[in-house]
Amino acid sequence: MVVSMLSGVSALLAQAPTTQELADKLALDSQILSEQFYYYTVVIMWLIHVGFMSYEAGAGRRKNVMATAMKNILTIAVVTPTFYYFGWWIYGCFNTGIIPFKPSDFANSVHASEVAMANFCSTTYPWAANLGPNLNDHISGVFWAAFLLFSWTTASILSGALIERVRLSAYLVLGSILGSVIWILDASWGWSAYGFLNMRYGFHDSIAGLVVHGVAGAFTLGVLLNLGPRIGKYTRDGLARTFRPHNLHLTLMGLMLIFTGFYAFYAACLVIQSTTLPGWGTIYLNPTTLSSITFSITIGFAAGFTGGYFASRGDPFWTLSGGLAGVISVSAGADIYAPTMVYLIAMFGGALAVYAGGFIENKLRIDDAVGAVAVHGVCGFWSPLAVGLFAAGYPTGLNNVPSSLTGQLYGMMVFLPLGFFGGYIPSWIMKKVNLLRVPPEVELEGLDHAEFQADFYPEFARPPEVIIEPDGTEVPSAPILLEGYRDLVTTNGDGGARAGPGARV
């Protein structure tokens, strides 16, 4: 009997997996877990773009609602292929600066980080085996898709600011430049495990406060300077009028959808390391947890709402926009801030967006239709600055370089001109050849009628369009718009819509 028991145990041991087989199974489980995680973050991040579409359509006037919605849909149509064919390559092969490197440049390197960087670069070419069906690769497709959704977000930030007067073709070109070149280039430098800004200077922007939002805001500012304000936006004395939103409820609902999608946005900024404690890493591969960023995003929204509410004296639009500004404000340090610090930084950011929005509209006379430059641009730059002021010394990147105010400022100084001139130069060229802005007659009639020859609310009578004067008086818009049209035509001589920032039209 003893002999038979021993033979049974021996048979069981013979069937037991080896140590290597167990390691392979564990690695496969970890890869499939990561694959599922990123896949579902991509699905939920679609809500961000549903939100942007609703947000912008509600903020515009009725005569432009479908053109605004179509612009958001076509963002996906143009940014996706451009990001696939060269945007992802930019992310993988520009980590060392403005000139791309080849994987062979580091073939004989003795530094493991340089070898890893070269290996990653080799997987980002559009013809690489990883960028298509591959039974040996569970990560490349979903990781690429997560970054693609970030690219859509940058273009959507631009989209809202330009509504009601930009040519669709011009926007799509600019959105592709921003989504597939400018933002992903700055991500290669400062939001990658191998980027020179974090490897050398400890630049810390864990959830892309500056890399996504700040750079998109700077790009948008450059475009707005060439696009000019909507007809009738400013009086002849330079005072700002207000266009009544088509549907403020739709705008607020859109913002809430964006907030929901932001939980997935935050999560997709992390790297799962399920076989290594603590199980999660930042984009720089420094340890963190999903709980850490959950504290930051939730408290950031609450504090941003508070700051926006008090700074705007209860204005619904700026209260909700303050929540978005608050989250952006804490994004750079979301992995390391204590909750109380999150609350203070985010509440300041929510108020900052309100005051910056008023300054941009009333003092600089820049017509940003949805406050994108204030919310995303200003607060996007405040985000890494706050890390330098309040969280310096945290080791960042594979080299564990301590974050510092100097390193944060350096990153800001690199990204500001990259974003601003990235938007200003191509939009200036389009302006010069009269391809940036729709003709003034189209702007007055409404883009829906010009593009679709239809009223998309035929079941409802169209109320007279009104405009709010600087003193708060609500008046019919027709006389003001016609006066602005005559001034614009007289100024330009040829009827071209080339009004610059602050033009009194």
Side-chain angles (χ1 to χ4, degrees), residues 31-32 34-43 45-46 48-49 72-107 109 113-156 158 169 171-196 208 211-212 215-216 219 265 268-269 271 283 418-419 422 426:
Q31 292 171 12
I32 293 174
S34 299
E35 184 178 32
Q36 291 177 324
F37 172 77
Y38 287 115
Y39 178 84
Y40 288 119
T41 61
V42 169
V43 171
M45 277 196 288
W46 269 84
I48 295 176
H49 305 285
N72 280 271
I73 294 169
L74 291 175
T75 297
I76 298 170
V78 298
V79 174
T80 300
T82 55
F83 188 79
Y84 178 84
Y85 286 108
F86 53 83
W88 194 229
W89 166 71
I90 291 174
Y91 182 68
C93 302
F94 281 73
N95 301 123
T96 57
I98 195 67
I99 299 175
F101 64 86
K102 299 187 295 295
S104 58
D105 294 342
F106 299 97
S109 175
S113 61
E114 291 182 345
V115 174
M117 177 177 69
N119 289 337
F120 178 66
C121 172
S122 69
T123 69
T124 60
Y125 294 96
W127 55 82
N130 305 67
L131 286 190
N134 188 330
L135 296 180
N136 295 316
D137 184 349
H138 292 271
I139 300 301
S140 292
V142 289
F143 200 55
W144 168 85
F147 273 75
L148 173 64
L149 269 290
F150 301 151
S151 295
W152 294 355
T153 299
T154 60
S156 295
L158 169 69
S169 56
Y171 162 73
L172 294 177
V173 171
L174 292 167
S176 297
I177 293 172
L178 173 57
S180 297
V181 179
I182 299 299
W183 104 264
I184 199 63
L185 179 61
D186 78 63
S188 181
W189 295 348
W191 203 57
S192 164
Y194 316 112
F196 77 89
V211 170
V212 168
V215 169
F219 187 99
F265 184 108
C269 293
V271 176
I283 196 71
L418 175 66

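Values below: every heavy atom of this structure, side chains too, minus hydrogens, waters and symmetry copies.
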Euclidean distance, [Y] [atom2] relative to [X] [atom1], rounded to 0.5 Å:
X: Leu158; Y: Leu178; atom1: CG; atom2: CG; answer: 6.0 Å
X: Ile283; Y: Trp191; atom1: CD1; atom2: CH2; answer: 5.0 Å
X: Asn72; Y: His49; atom1: CG; atom2: NE2; answer: 9.5 Å
X: Thr124; Y: Asn130; atom1: OG1; atom2: CG; answer: 9.0 Å
X: Ile90; Y: Phe83; atom1: CD1; atom2: CZ; answer: 9.0 Å
X: Asn119; Y: Tyr194; atom1: CG; atom2: OH; answer: 8.0 Å

[X] side-chain N/O to [Y] backbone N/O, donor-acceptor pair under 3.5 Å:
X: Tyr39; Y: Val142; result: no
X: Asn95; Y: Trp189; result: no
X: Tyr38; Y: Ala145; result: no
X: Ser188; Y: Ile184; result: no
X: Trp88; Y: Tyr84; result: no

Output field: ring centroids Trp89/Trp127 closer than 6.0 Å: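 Centroid distance Trp89-Trp127: not below 6.0 Å, so no.
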Tell me whether the centres of the aromatic rings in Phe147 and Trp144 are closer together than 6.0 Å.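 They do not qualify: ring centres at least 6.0 Å apart.
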Looking at [X] and [Y], what are the two nearest heavy atoms and their distance?
X: Ile177; Y: Pro426; result: CD1-CB, 3.9 Å
X: Asn134; Y: Ala129; result: ND2-O, 3.4 Å
X: Val78; Y: Ser176; result: CG2-OG, 3.6 Å
X: Tyr125; Y: Pro103; result: OH-CD, 3.4 Å
X: Phe150; Y: Cys269; result: CZ-SG, 4.1 Å
X: Gly175; Y: Ala155; result: O-CB, 3.9 Å

Side chains of Phe219 and Thr154: closer than 4.5 Å at any heavy-atom pair?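 Sidechains of Thr154 and Phe219: no contact.
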Would His138 and Ser34 satisfy side chain to side chain contact (heavy atoms under 4.5 Å, CB included), going step by step from the backbone distance to the final call? CA-CA 8 Å; His138 292 271; Ser34 299; over 6 Å; no
Within a 6.0 Å radius of atom CD1 on Ile73, are there more than 12 heavy atoms belonging to other residues, nucleotides or ligands?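 Enclosed.
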Cut-off 3.5 Å, side chains only: do Trp152 and Thr75 have a donor facing an acceptor?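 Trp152 vs Thr75: no donor-acceptor pair found between side chains.
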